[in-house]
Amino acid sequence: MAAATPSSKRPAPADSSSLKPVKKTHWSQGLLASINDPNLTVESDDRIVIIKDKYPKARHHFLVIPKINIPNLKSLKREQSELLRYMEDQAKVLATKYPQNEFKYGYHAIPSMSQLHLHMISQDFDSPCLKTKRHWNSFNTRYFLDSSEVIRCLEERGMVVTMTPIAGEKLLDMPLKCHKCIYSPQNMPKLKQHLYKHLNN
DNA sequence: GTTCTAGAAC
DNA sequence: GTTCTAGAAC
């Protein structure tokens, strides 16, 4: 790696009087860029891409993303349940590389990022990126929709029934609770300290 | 989704 | 005084 870039070589701040404004992509579109970035890709075939989550909330945290454009759970059609099964199956194939780890497979009810993505996350929740109550509750309340239940709903009802954004916010604001015992910590640092007790190594 | 940080909570 | 959370980001 080269020495620190001299400040004189950094791009100058945009001069709004003379330059055309640069179109920046909104952060919520970040996954669409990740699909085509070979550096982030863990597995890929003609139907899906599996990438590492940019801010993993556990030791092993991946996203399974279909290559065809599917914005969210609401846009799913009944005939796409087979694709969801394929996504879960491929995630479970990847999980065999981590035999000592328990994984969960599911979707966030109200995701922030566009493009459907299946979370595959190890249940240690041992990560410096796990920082907030929202982070915790997004994987450890009903906000986390199990893949198998999403598929069942799509096949039985022809659509995925989730929840309103307000109901989602309520789940994210629930009191903290350990996913393996009855401990209800007052704050995130106490939860993170407690989680080490449930680790095998 | 994250970063930053003011001020609440301790 | 320090830790921790929660709201704005043009």
Side-chain angles (χ1 to χ4, degrees), chain A residues 4-5 10-37 39-42 48-67 69-76 87 91 103-122 125-145 147 150 160 162-179 183-196:
Chain A
T5 308
R10 287 195 208 115
D15 181 346
S16 59
S17 66
S18 62
L19 297 176
K20 277 190 277 186
V22 176
K23 193 78 176 182
K24 287 179 187 168
T25 54
H26 193 260
W27 56 261
S28 65
Q29 304 303 308
L31 283 180
L32 297 171
S34 301
I35 291 178
N36 299 313
D37 187 341
N39 295 324
L40 300 176
T41 301
V42 177
I48 62 155
V49 173
I50 305 182
I51 65 171
K52 279 192 166 189
D53 192 288
K54 190 174 179 183
Y55 298 94
K57 305 303 189 294
R59 289 177 180 175
H60 308 289
H61 184 185
F62 301 94
L63 304 179
V64 185
I65 308 171
K67 283 191 170 174
N69 189 269
I70 303 177
N72 50 50
L73 292 169
K74 273 186 181 173
S75 56
L76 282 166
M87 289 165 62
F103 284 91
K104 285 204 173 175
Y105 309 86
Y107 299 86
H108 281 160
I110 314 287
S112 298
M113 308 281 274
S114 184
Q115 182 67 353
L116 189 72
H117 52 283
L118 170 66
H119 288 272
M120 161 186 173
I121 185 165
S122 61
F125 293 104
D126 176 20
S127 166
C129 298
L130 178 70
K131 294 175 179 174
T132 70
K133 178 194 257 190
R134 291 176 71 91
H135 289 159
W136 180 257
N137 283 340
S138 72
F139 290 100
N140 292 287
T141 65
R142 285 181 302 120
Y143 191 92
F144 188 81
L145 306 173
S147 171
V150 167
V160 178
T162 60
M163 61 186 68
T164 65
I166 289 174
E169 286 301 312
K170 275 189 181 174
L171 289 168
L172 295 178
D173 200 39
M174 284 177 62
L176 293 171
K177 157 99 176 49
C178 177
H179 64 323
Y183 180 52
S184 293
Q186 284 182 320
N187 54 44
M188 281 301 292
K190 285 174 180 171
L191 173 60
K192 287 175 71 76
Q193 186 172 17
H194 169 85
L195 289 175
Y196 288 110

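Keep in mind it's a predicted model, so treat the numbers as computed, not measured. Letters A, B, ... are given to chains in the order of the sequence lines, protein chains preceding strands, and every chain is numbered from 1.
- The interatomic distance linking A/Asn72 (CG) with B/dG1 (P) rounds to 14 Å, in whole Å.
- Atoms CG and CD1, on A/Leu32 and A/Ile65 in that order, are 8.5 Å from each other to the nearest 0.5 Å.
- Listed here is the closest heavy atom pair of A/Asn137 and A/Thr141: O-OG1, 2.7 Å.
- Counting non-hydrogen atoms under 4.0 angstrom, A/His108 reaches the backbone sugars and phosphates but no base.
- The CZ atom of A/Arg134 sits 12 Å away from the C1' atom of C/dT5 (whole-angstrom rounding).
- The residue A/Pro189 sits close only to the backbone: its heavy atoms come under 4.0 Å of sugar-phosphate atoms, none of a base.
- The distance between the ring centers of A/Phe139 and A/His108 falls below 6.0 angstrom.
- At the heavy-atom level, A/Lys57 lies under 4.0 Å from the strands shown only through sugar-phosphate atoms.
- Between the P atom of C/dA6 and the CG atom of A/Asn187 lies a distance of 10 Å, rounded to the nearest Å.
- At whole-Å resolution of the value, NE2 in A/His135 and P in B/dG1 are 7 Å apart.
- Nucleic acid contact class of A/Lys131 (heavy atoms, under 4.0 Å, all strands): sugar-phosphate only.
- Taking atom CG of residue A/Asn137 and atom P of nucleotide C/dT5, one finds them 12 Å apart after rounding to whole Å.
- Checking A/Met120, A/Gln115, A/His119 one by one against A/His117, the side chain to side chain contact (heavy atoms under 4.5 Å, CB included) holds for a single residue, A/His119.
- More than 12 non-hydrogen atoms from other residues, nucleotides or ligands lie less than 6.0 angstrom from NZ of A/Lys67.
- Taking atom CG of A/Leu172 as the reference point, atom C1' of C/dA6 lies 13 Å away to the nearest angstrom.
- Pair assignment for C/dC10 gives none, since no Watson-Crick or G-U wobble pairing has each distance under 3.5 Å.
- Going from atom CG of A/Leu130 over to atom P of B/dT2 covers 10 Å, rounded to whole Å.
- We find that CG of A/Leu176 is positioned 8 Å from P of C/dT5, with the value rounded to whole Å.
- B/dG1: no Watson-Crick or G-U partner with both key distances under 3.5 Å is found in any strand.
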